[in-house]
Amino acid sequence: MTGIYASATPGDVEAGYAAAAGAQPEWSETTAIQRSDFLRSAADLLESRVHDAALTITADMGKAIRDARAEVLRSVAILRYYAGEILQPSGETYPSADPHTMLMTVEEPLGVVCAITPWNFPFALPAWKIAAAIGFGNAVVWKPAEPACGSAVFLTRILAEAGLPAGVLNLVTGSGRKLSAALTGNARLAALTFTGSGVVGSRLRQAVADRNVKVQLELGGKNPSIVLADADVEDAALQIVKSAMLHTGQRCTATSRVYVDRAVAPRLRELLVKYADALVVGDPYDEATDIGPLASVEQRDTVAGYLRLARDENAEFLTGREFDSDTCYIAPTVLAGVSEASRLVREEVFGPVVTVQEVDGFDGALKAANDTDYGLSSGVFTRDIATAMTFIRRTQSGLVHVNRETSSVEPHVPFGGLKGSSSMSREQGKAARTFFTTTKTAYVRWT
């Protein structure tokens, strides 16, 4: 992160909630057309500043400039999507037993929403929360992760310049630990949307459990990909390496476990090494770079700890190496010979590290893939449509990919996981309307 940013106090959080509560009623009275026009203007403005926005992301967390630029353009697409989504039909009508009564539902905004976002996608993740929240008429208090402050300030200025009224979005930067109680304890809070670690998410959920606060939590993953004997093994290897290694592996949907049929395991291992070794690790501002540094010293120490664990457990480094230096650069690492009980298989590493394990057929692979506390994303590589459909039904994850990397998502479809990966609510697409609005049922009688 570069620059100096405000370290908010609980008093600043209170001021943000007060401003949001003051601005929200008038904002909710604007028409959906007006809010749509605003989001479209914000998208156009952000698109015109892609270069500067991408540089800000790279400065914040070391993301390779090509990936940073792609994230900004993804954020533009998200803003445009919600500019259209909020214009879709709203509410329903029902027949009544009384011929002189009409029954209908009306959607209304919740009020004040708290959005807490991580550092790994400092534009796209806030965009899909904030665009939906304000698009459906809510006001927002936004707490970004500390390493993402530069990106948060940039995006907030874009929204303000596009015409968002004062008080509708309130940015508070600083320590999440110090501000947590103020963020969750405010009486004006109507809904909380959070993406981050399971430990923090659980604590936030408990903080609002005894109040009537809507909660949406996305909490990470330990995502498996299965490669069966009939798969296009070369394509599978390329998809897996892209998912596991790009963005420095710092994606909650990144592939981190591979289960491959023994019949094609040698070929897959060979290809994983080929594609992983071909990735360019280096200066994130260089257009030729595929993988920049990890986002922070803390994240470097976390990933380095897992690599040392791999050494201590005698894992086979197919590519990559043990990590002992002070740099935040880590080579793409493919590990074999790892026990299913190892923390390398059980815990989210959040770095460019993937384990490869051999299995006997589909049933063994599926059992191993589902043996996790997480359930965000999973994938299978096969040419057999019956096997693919069976996998879709039986995999224990909220996102399912067939012959695709586990980390690709689109903004117009629901996003979310099962088990420890989610609060079971969904983000994006029409699911965002469900979360960020409430429904009234109206009985209208005439005589």
Side-chain angles (χ1 to χ4, degrees), residues 1 8 13 57 60-63 71 75 113-130 132-133 140-152 155 171-185 189 191-209 213-223 247-254 256 294-303 347-351 372-377 398-399 407 409 415-428 432 435:
M1 180 179 69
V13 174
I57 292 175
D60 271 355
M61 47 85 65
K63 183 172 290 192
E71 179 180 344
S75 304
V113 173
C114 177
I116 302 176
T117 58
W119 45 260
N120 59 324
F121 282 88
F123 270 72
L125 277 169
W128 85 33
K129 293 178 186 292
I130 293 169
V140 176
V141 174
W142 175 25
K143 166 62 180 72
E146 283 186 273
C149 286
S151 297
L155 182 57
L171 175 65
V172 288
T173 56
S175 166
R177 189 174 298 276
K178 293 179 181 178
L179 300 178
S180 178
L183 290 166
T184 59
L189 177 63
L192 171 68
T193 176
F194 167 81
T195 298
S197 75
V199 172
V200 175
S202 178
R203 187 166 64 242
L204 293 171
R205 175 162 36 194
Q206 291 171 22
V208 300
V213 174
K214 260 182 138 173
V215 177
Q216 181 183 72
L217 306 176
E218 295 302 336
L219 306 174
K222 191 66 180 172
N223 311 297
H247 297 269
T248 327
Q250 296 172 141
R251 293 185 280 187
C252 58
T253 53
S256 58
L294 291 165
S296 65
V297 171
E298 292 78 13
Q299 190 59 24
R300 176 201 70 188
D301 291 344
T302 296
V303 177
E347 299 176 5
E348 189 175 34
V349 176
F350 225 62
T372 175
D373 293 333
Y374 293 99
L376 182 53
S377 189
L399 306 172
S407 54
V409 297
F415 177 93
L418 304 176
K419 300 193 284 190
S421 289
S422 174
S423 58
M424 303 300 175
S425 55
R426 291 292 179 264
E427 296 190 88
Q428 300 196 119
F435 182 78

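FYI, the numbering just counts along the sequence from 1. Computation of the quantities below employed the complete heavy-atom set of this structure, encompassing side-chain atoms and omitting hydrogens, waters and symmetry-equivalent molecules.
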Distance check, rounded to the nearest 0.5 Å: [X] atom [atom1] versus [Y] atom [atom2]?
| X | Y | atom1 | atom2 | answer |
| --- | --- | --- | --- | --- |
| His247 | Ser407 | NE2 | OG | 7.5 Å |
| Thr372 | Leu418 | OG1 | CG | 11.5 Å |
| Tyr374 | Glu347 | OH | CD | 7.5 Å |

Min side-chain heavy-atom separation [X]-[Y] under 4.5 Å:
| X | Y | value |
| --- | --- | --- |
| Glu348 | Cys252 | yes |
| Ser425 | Val215 | no |
| Thr184 | Arg203 | no |
| Leu192 | Gln216 | no |

My understanding is that only residues two or more places apart in sequence, or in another chain, count here; which of them pass side chain to side chain donor-acceptor pair (under 3.5 Å) with Gln428?
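By the side chain to side chain donor-acceptor pair (under 3.5 Å) rule, Gln428 matches no residue at all.
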Determine, stepwise, if the pair Lys222 / Val349 fulfils side chain to side chain contact (heavy atoms under 4.5 Å, CB included).
CA-CA 8 Å; Lys222 191 66 180 172; Val349 176; 3.8 Å; yes
Can you tell me if [X] uses its side chain to pair, donor with acceptor, with the backbone of [Y] under 3.5 Å?
| X | Y | result |
| --- | --- | --- |
| Arg426 | Gly417 | yes |
| Ser421 | Gly220 | yes |
| Asn223 | Ser377 | yes |

Non-hydrogen atoms of Pro144 and Ala152 that approach each other most closely
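Looking at all heavy atoms of both residues, the shortest contact is CG-CB, 3.6 Å.
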For the student: nearest non-hydrogen atoms of Ala133 and Val140, plus distance:
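Closest approach of Ala133 to Val140, heavy atoms only: CB-CG2, 3.6 Å.
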Output, in order, the C-alpha distance, side-chain angles, deciding distance and verdict of side chain to side chain contact (heavy atoms under 4.5 Å, CB included) for Phe194 and Leu219.
CA-CA 8 Å; Phe194 167 81; Leu219 306 174; 3.7 Å; yes
Which donor-acceptor pairs under 3.5 Å do the side chains of residues 114-130 make with protein atoms, sequence neighbours left out?
| unit_1 | atom_1 | unit_2 | atom_2 | d |
| --- | --- | --- | --- | --- |
| Thr117 | OG1 | Trp142 | NE1 | 2.9 |
| Asn120 | ND2 | Gln250 | O | 3.1 |
| Trp128 | NE1 | Glu427 | OE1 | 3.0 |
| Lys129 | NZ | Thr193 | OG1 | 2.8 |
| Lys129 | NZ | Thr195 | OG1 | 3.0 |
| Lys129 | NZ | Glu427 | OE1 | 2.8 |

Give the C-alpha distance, both sets of side-chain angles, the deciding distance and a yes or no for side chain to side chain contact (heavy atoms under 4.5 Å, CB included) between Arg300 and Val297.
CA-CA 5 Å; Arg300 176 201 70 188; Val297 171; 3.4 Å; yes
Can Ser422 and Leu376 be said to form a side chain to side chain contact (heavy atoms under 4.5 Å, CB included), step by step?
CA-CA 8 Å; Ser422 174; Leu376 182 53; over 6 Å; no
Between Glu298 and Thr302: side-chain donor-acceptor atoms closer than 3.5 Å
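No, no side-chain donor-acceptor pair sits under 3.5 Å.
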Pair Glu71-Ser75, side-chain hydrogen bond (donor to acceptor under 3.5 Å, both in side chains): steps then yes or no:
CA-CA 6 Å; Glu71 179 180 344; Ser75 304; 5.1 Å; no
Residue from Val13, Leu171, Val172, Thr173 passing side-chain contact (heavy atoms from CB on, under 4.5 Å) with Lys143:
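Considering Val13, Leu171, Val172, Thr173, a side-chain contact (heavy atoms from CB on, under 4.5 Å) with Lys143 is found only for Val172.
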